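By convention in this document, chain letters (A, B, ...) are assigned in the order of the sequence lines, proteins followed by strands, and residues within each chain are numbered from 1. If you're wondering where the values come from, they're calculated on a predicted model, not measured in any experiment.
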Amino acid sequence: GAGVSQSPSNKVTEKGKDVELRCDPISGHTALYWYRQSLGQGLEFLIYFQGNSAPDKSGLPSDRFSAERTGGSVSTLTIQRTQQEDSAVYLCASSLAPGGGNIQYFGAGTRLSVL
Amino acid sequence: GDSVTQMEGPVTLSEEAFLTINCTYTATGYPSLFWYVQYPGEGLQLLLKATKADDKGSNKGFEATYRKETTSFHLEKGSVQVSDSAVYFCALHRQGGSEKLVFGKGTKLTVNP
């Protein structure tokens, strides 16, 4: 596609439910990132995938959060047993390759509301 | 650890006013520096970047110069427009570290006609 696509754009769920957020990166981009944007916390890194390498999970806030990237393309971020503090906008980005010289292109995000 | 500090908003200006949004960073080595912009209802877009000291990034009338001596990357525009109303994020990428971008908390700019 022309840009990074995320779905759904909005998700409302009840506390304790599991949710899955999807990201379609730009075709040909080998690097994929998930960030979280919440009030008062700004933008926080969650996880990074590069090709077939083991992902960098250093930003995941708890073991309720997990992500996978199938076939080096689409990625799914899963949050189990959601809590109200998980409410935020979840942003996905992709880049042609890793490194500061490579621009990260962001999707419009998924707004998650946990009631 | 690495961090980015930018001036807190919100910032409200009249059209054609001069804009400065301050950004300073803490990082080891020589990070790449970025300004991203988020227009209402849209995702983050790269506005400009600089990858080494004294580099000036520029785009759409915005400029920022990588100042290693003051660890700063202040965003400036000589004459803002209503269409510049958005949230602006300063960010860094440290070579040799994690591939993540480290962001400031964002500065909301509103430009009134």
> Checking B:Leu101 against chain A: side chain, backbone, both or neither under 4.5 Å from a heavy atom?
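Contact with chain A: backbone and side chain both.
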> Could you check whether B:Thr51 and B:Tyr30, counting side-chain N and O atoms only, form a donor-acceptor pair closer than 3.5 Å?
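The criterion, which ignores hydrogens and geometry beyond distance, is not satisfied for B:Thr51 and B:Tyr30.
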> For B:Gln38, is it the side chain, the backbone, both or neither that has a heavy atom under 4.5 Å from a heavy atom of chain A?
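Only the side chain of B:Gln38 comes within 4.5 Å of chain A.
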> Which atoms of B:Leu46 come close to chain A, meaning under 4.5 Å heavy atom to heavy atom: side chain ones, backbone ones, both, or neither?
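Contact with chain A involves the side chain of B:Leu46 alone.
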> May I ask you to check whether A:Tyr35 and A:Gln104 show a side-chain donor-acceptor distance below 3.5 Å?
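Checked: A:Tyr35/A:Gln104 side chains pair up, N/O donor to acceptor below 3.5 Å.
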> Chain B heavy atoms under 4.5 Å from A:Leu91: which part of the residue, side chain, backbone, both or neither?
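A:Leu91 touches chain B through side-chain heavy atoms alone.
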> Ring pair (Phe, Tyr, Trp, His ring centres under 6.0 Å), that's the test. Do B:Tyr88 and B:Phe62 meet it? Break it down for me.
CA-CA 11 Å; B:Tyr88 293 82; B:Phe62 291 88; 5.6 Å; yes
> Heavy-atom pairs under 4.5 Å with chain B: which of A:Arg111, A:Gln37, A:Gln6 has the most?
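If we count pairs closer than 4.5 Å to chain B, A:Gln37 comes out on top.
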> A:Glu68 and A:Ser75: side-chain donor and acceptor closer than 3.5 Å?
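No, no side-chain donor-acceptor pair sits under 3.5 Å.
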> Given side-chain contact (heavy atoms from CB on, under 4.5 Å), test A:Asn10 with A:Thr110 step by step and report yes or no.
CA-CA 5 Å; A:Asn10 284 282; A:Thr110 294; over 6 Å; no
